[in-house]
Number of protein chains: 2
Amino acid sequence: MDQKKALFYEMVSFITSVHQTMYVMTKELPLGDVTPVQYGILEYIAVSQPVTLSEISDCKHISMPNTSRELKKLTDKGMCEKAEAEDDKRKQYIRLSSKGQQFMDAAFAHMEREFLGRIGSADGEELEQMRRAMVLLRTKVFDTDGAI
Amino acid sequence: MDQKKALFYEMVSFITSVHQTMYVMTKELPLGDVTPVQYGILEYIAVSQPVTLSEISDCKHISMPNTSRELKKLTDKGMCEKAEAEDDKRKQYIRLSSKGQQFMDAAFAHMEREFLGRIGSADGEELEQMRRAMVLLRTKVFDTDGAI
DNA sequence: GTATTTTGTTGTCAAATGATAAGTAAAAGA
DNA sequence: TCTTTTACTTATCATTTGACAACAAAATAC
């Protein structure tokens, strides 16, 4: 029983380190006129495109009206494009524009450089250990489905 | 070389899972009239008390004027207390009040329940694996000092 | 002893975000 | 066909958060 409590406190400390690291890795990322929430939306689109407004709303936990508003701002800025779905005319498939794609490519490249700087001196064996550690935690602790 | 790139993408996915999990674990946490930023400050005080305003400002990446304002709101709400430092009269040592301590105890208890629900079926061997995985990642990837 | 730095405060402003009401149009269900 | 549900929009408002200027008091440096 106490082993679980200890693991909980280890997790609290772990989460703090993760947040701090992500702050350091992204603080110099040039956002231009893109706000943090808008960046989060772009990141989600980049990974999951094409997406619908409802999917953004669900996954990023932003209400539909606010999602609509922020997405309008992003399209006005030329970062993404909406296309009516053929099968369902209510839906819109959203993708990054080429400008948005360049923006996100640069963002990921920046993060990757920061990341490589961190793991720079690790050899193949260590990298494989880290990968296994991430997979383990992702499936046993940070799985989105909830319980194991 | 490509192994590192693969690990980077694994980390991106990992971070997404961590965020999603923390969202689920904290979304039902009763914040009352405490805003998210204020909660973050309380969490930091709880773990590191006593702390100074400058430390909160540095660690939570909030400007001094804004830290001062939010902390004033928290003391007005009776969540924390300021005490002048004996050695340096400019400094203030900040601690949770008993109300604030109760609030944070409840918050941590809530998170711990959520956490235990997630790892519920894991045995001692698995728990030890998870602990080692967190320690490994915390020291080799998410270390606050930067490089290895 | 004076200048500078550190620590914190107060006030004000603007931007970002969250919440809600009301509406449109298409799809699905009855 | 009529009703209901889904997907999204528009408009509006309040709150939260971030940024900046100006200030005060204590400590430190010179």
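Numbered from 1 within each chain, the chains take letters A, B, ... in sequence-line order.
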(request) Any ring-ring contact (aromatic ring centres under 6.0 Å, His included) involving residues 71-92 of chain B? Give me the pairs, sequence neighbours left out, ordered by first then second residue. (result) none
So which protein nitrogen or oxygen atoms get under 3.5 Å of nucleotides 27-30 of chain D's nitrogens or oxygens?
{"from": "D:dA27", "atom 1": "OP1", "to": "B:Lys89", "atom 2": "N", "distance (Å)": "3.1"}

(message) Applying salt bridge (Lys or Arg N to Asp or Glu O under 4.0 Å), can you list everything that pairs with A:Arg90, at least two apart in sequence or on another chain?
(response) A:Asp88
(request) Grab the CD1-C1' distance between B:Ile56 and C:dT9 for me, whole Å please. (result) 15 Å
(message) Per the salt bridge (charged side-chain N to carboxylate O under 4.0 Å, His left out) rule, what does the pair list look like for residues 41-60 of chain A, sequence neighbours excluded?
(response) none
(request) For B:Leu53 and C:dT6, give me the distance from atom CG to atom C1', rounded to whole Å. (result) 13 Å
(message) Under the criterion side chain to side chain donor-acceptor pair (under 3.5 Å), I'd like the reasoning laid out for B:Gln38 against B:Lys77: C-alpha separation, chi angles, the key distance, then a yes or no.
(response) CA-CA 11 Å; B:Gln38 286 167 4; B:Lys77 289 170 186 174; 2.9 Å; yes
(request) Please list, chain by chain and in numerical order, all residues satisfying salt bridge (Lys or Arg N to Asp or Glu O under 4.0 Å) with A:Lys99, sequence neighbours excluded. (result) none
(message) Restricting to salt bridge (Lys or Arg N to Asp or Glu O under 4.0 Å), what partner residues turn up for A:Glu70, sequence neighbours left out?
(response) A:Lys73
Please tabulate, for side-chain N and O atoms in residues 21-28 of chain B, each donor-acceptor pair with protein atoms closer than 3.5 Å (sequence neighbours left out).
{"from": "B:Thr21", "atom 1": "OG1", "to": "A:Phe142", "atom 2": "O", "distance (Å)": "3.3"}
{"from": "B:Thr21", "atom 1": "OG1", "to": "B:Ser17", "atom 2": "O", "distance (Å)": "2.9"}
{"from": "B:Thr26", "atom 1": "OG1", "to": "B:Met22", "atom 2": "O", "distance (Å)": "2.6"}

(request) Would you list the pairs meeting ring-ring contact (aromatic ring centres under 6.0 Å, His included) in which at least one residue belongs to residues 109-134 of chain B, sequence neighbours left out? (result) A:Phe8-B:Phe115
(request) Rounded off to whole Å, could you give me the CG-to-C1' distance for the A:Leu74 and D:dT9 pair? (result) 16 Å
(request) Applying side chain to side chain donor-acceptor pair (under 3.5 Å), name anything that partners B:Glu128, two or more places apart in sequence or on another chain. (result) B:Arg131, B:Arg132
(request) Please name all residues satisfying side-chain contact (heavy atoms from CB on, under 4.5 Å) with A:Asp87, sequence neighbours left out, ordered by chain then number. (result) A:Ala85, A:Tyr93
Any protein N or O atoms within reach of nucleotides 11-20 of chain D? Criterion: under 3.5 Å, listing atom names and distances.
{"from": "D:dT17", "atom 1": "OP1", "to": "B:Val37", "atom 2": "N", "distance (Å)": "3.1"}
{"from": "D:dT17", "atom 1": "OP2", "to": "B:Thr35", "atom 2": "OG1", "distance (Å)": "2.6"}
{"from": "D:dG18", "atom 1": "N7", "to": "B:Arg69", "atom 2": "NH2", "distance (Å)": "3.1"}
{"from": "D:dG18", "atom 1": "O6", "to": "B:Arg69", "atom 2": "NH1", "distance (Å)": "3.0"}
{"from": "D:dA19", "atom 1": "N7", "to": "B:Asn66", "atom 2": "OD1", "distance (Å)": "3.3"}
{"from": "D:dA19", "atom 1": "N7", "to": "B:Asn66", "atom 2": "ND2", "distance (Å)": "3.1"}
{"from": "D:dA19", "atom 1": "N6", "to": "B:Asn66", "atom 2": "OD1", "distance (Å)": "3.2"}

(request) Round to the nearest Å and state the distance from B:Leu31 atom CG to C:dG18 atom P. (result) 14 Å
(request) State plainly whether one hydrophobic cluster holds both A:Leu31 and B:Val12, where clusters connect Ile, Leu, Val, Met, Phe, Trp and Tyr through side-chain heavy atoms under 4.5 angstrom apart. (result) yes
(request) In whole angstrom, give the distance that lies between atom CE of B:Met64 and atom P of D:dC23. (result) 18 Å
(message) Does C:dT9 have its OP1 or OP2 closer than 4.0 Å to a side-chain nitrogen or oxygen of B:Lys82?
(response) yes
(request) For B:Ser57, report the nucleic acid contact type (base, sugar-phosphate, nothing); a contact means any heavy atom under 4.0 Å. (result) nothing
(request) Give the angle between the helix axes at the two ends of the helix from C:dG1-D:dC30 to C:dA30-D:dT1, taking five base pairs at each end and rounding to 10°. (result) 30°
(request) Would you mind classifying the nucleic acid contact of B:Thr67 as base, sugar-phosphate or nothing, using non-hydrogen atoms under 4.0 angstrom? (result) nothing
(message) Whole angstroms only, please: what is the CD-C1' distance between B:Glu84 and C:dG8?
(response) 12 Å
